[in-house]
*Asks:* 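Input: one structure, supplied below.
We're numbering straight along the sequence, starting at 1. The structure displayed is predicted, hence computed values, not measured ones. All ligand and atom numbering here is 1-based and tracks the order in the structure.
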Amino acid sequence: MEGKTIAHSRAVMSQIVLPSQANPAGNVHGGEIMKMMDNTAYVVAARHARTNIVTARVDELQFHTPIYVGALVTCRGELVYVGRTSMEVFVTVEAEYLQQEKPPEIALTAYFTMVALDDNGVPCPVPPLILTTGEEEERYNMGRQRYLRYKSSQRKQENAEK
Ligand SMILES: CC(C)(COP(=O)(O)OP(=O)(O)OC[C@H]1O[C@@H](n2cnc3c(N)ncnc32)[C@H](O)[C@@H]1OP(=O)(O)O)[C@@H](O)C(=O)NCCC(=O)NCCS
């Protein structure tokens with residue numbers, strides 16, 4: 001299968017957050033933002049694999065700063081690592097308050113593991129990643145470590161169940 005670059009599947013999705021997505025004090029619910037992040041990771045993975053995609057795991061989800069009603073929330077997603085059928089997507093969330101002359105702030109970050117499924121709902125191979133910069137390679141190696149950690153924990157669990 002031919003490889004694809006990280007740039008090929010990069011995705012950006014924005015929306016203004018509304019009062020119905022927040023608590024009475026105006027803080028946007030974490031779940032609302034997590035849903036946007038999941039959608040962004042879905043778009044990235046589907047662009048890379050061109051198959052049905054499901055979310056298998058979310059790692060290192062961090063809420064760095066609160067987001068308030070009225071913010072323009074922008075999710076940016078890009079591939080970090082791909083295995084055989086799984087893809088790790090790093091998603092960042094920026095909040096921008098349009099009436100303030102201030103640059104957007106990074107509010108959340110997380111790593112989503114997405115799995116490509118064939119027409120029968122079975123995990124299927126995805127194209128390899130073509131890395132084009134040293135930074136992409138560094139992040140890829142870190143993604144590979146998280147992937148191998150998961151594989152090793154799975155093996156331990158399977159052995160314990162035998
Ligand atoms: C994700 C899912 C398809 C994996 O199925 P499975 O039978 O465990 O398949 P496999 O063991 O072959 O795993 C497939 C790939 O996913 C990875 N994977 C599966 N579960 C994972 C987890 N919890 N964390 C990280 N990676 C995971 C495996 O490492 C493997 O990657 P690789 O092919 O790149 O090596 C299955 O667990 C599932 O359907 N989960 C529910 C998904 C869902 O409903 N999400 C929410 C709605 S979108």
Side-chain angles (χ1 to χ4, degrees), residues 1-18 20-23 28-64 67 73-95 106-162:
M1 202 181 289
E2 233 174 83
K4 293 184 187 173
T5 61
I6 289 174
H8 174 83
S9 54
R10 201 170 273 146
V12 181
M13 293 170 76
S14 292
Q15 83 180 45
I16 302 279
V17 282
L18 301 174
S20 61
Q21 296 172 290
N23 71 16
V28 176
H29 295 300
E32 297 282 350
I33 307 296
M34 285 154 65
K35 185 176 175 189
M36 282 181 68
M37 295 173 87
D38 191 36
N39 280 338
T40 306
Y42 168 84
V43 171
V44 172
R47 268 193 187 142
H48 185 75
R50 301 293 179 195
T51 65
N52 184 23
I53 301 291
V54 288
T55 309
R57 183 188 188 89
V58 183
D59 281 306
E60 297 180 34
L61 174 65
Q62 291 192 61
F63 292 80
H64 304 284
I67 300 180
V73 172
T74 300
C75 291
R76 297 176 195 277
E78 67 175 37
L79 280 169
V80 172
Y81 179 78
V82 304
R84 195 182 78 85
T85 67
S86 66
M87 295 159 277
E88 190 185 61
V89 182
F90 183 55
V91 180
T92 60
V93 179
E94 292 170 6
I106 300 275
L108 281 82
T109 50
Y111 293 90
F112 285 72
T113 300
M114 315 301 282
V115 178
L117 301 181
D118 67 16
D119 293 345
N120 299 313
V122 175
C124 61
V126 300
L129 257 193
I130 298 173
L131 303 171
T132 58
T133 67
E135 198 185 332
E136 287 179 359
E137 260 173 51
E138 233 171 77
R139 290 170 65 181
Y140 180 90
N141 289 333
M142 285 163 71
R144 180 164 173 76
Q145 284 170 26
R146 279 185 294 273
Y147 173 82
L148 293 175
R149 258 201 308 277
Y150 166 71
K151 291 292 193 192
S152 140
S153 73
Q154 270 303 93
R155 267 196 304 276
K156 278 187 197 143
Q157 199 177 318
E158 280 164 20
N159 288 337
E161 283 164 8
K162 274 180 194 161

*Asks:* Write 'none' if nothing qualifies; otherwise put on separate lines each N/O atom of ligand 1 with a protein N/O atom under 3.5 Å away and their distance to 0.1 Å.
*Replies:*
| unit_1 | atom_1 | unit_2 | atom_2 | d |
| --- | --- | --- | --- | --- |
| ligand 1 | 20 (N) | Tyr150 | OH | 3.1 |
| ligand 1 | 29 (O) | Lys151 | NZ | 2.8 |
| ligand 1 | 31 (O) | Ser86 | OG | 3.2 |
| ligand 1 | 33 (O) | Thr85 | N | 2.9 |
| ligand 1 | 33 (O) | Thr85 | OG1 | 2.6 |
| ligand 1 | 34 (O) | Arg84 | N | 2.7 |
| ligand 1 | 34 (O) | Thr85 | N | 3.0 |
| ligand 1 | 34 (O) | Ser86 | N | 3.0 |
| ligand 1 | 34 (O) | Ser86 | OG | 2.7 |
| ligand 1 | 35 (O) | Tyr147 | OH | 2.5 |
| ligand 1 | 35 (O) | Lys151 | NZ | 2.8 |
| ligand 1 | 45 (N) | Thr55 | O | 2.9 |

*Asks:* Please list, chain by chain and in numerical order, all residues satisfying ring-ring contact (aromatic ring centres under 6.0 Å, His included) with Phe90, sequence neighbours excluded.
*Replies:* Tyr111
*Asks:* Do any pairs count as a side-chain hydrogen bond (donor to acceptor under 3.5 Å, both in side chains) and have a residue in residues 120-133, sequence neighbours left out, and if so which ones?
*Replies:* Thr132-Glu136
*Asks:* Determine the sole option in Val54, Thr51, Ile53 for which the side chain to side chain contact (heavy atoms under 4.5 Å, CB included) test with Leu117 is passed.
*Replies:* Val54
*Asks:* Thinking salt bridges, do Arg139 and Glu78 make one under a 4.0 Å N-O criterion?
*Replies:* yes
*Asks:* Considering non-hydrogen atoms only, spot the tightest contact between Gly77 and Val44 and give its length.
*Replies:* O-CG2, 3.4 Å
*Asks:* Which residues pass the side-chain hydrogen bond (donor to acceptor under 3.5 Å, both in side chains) test with Thr5, sequence neighbours left out?
*Replies:* none
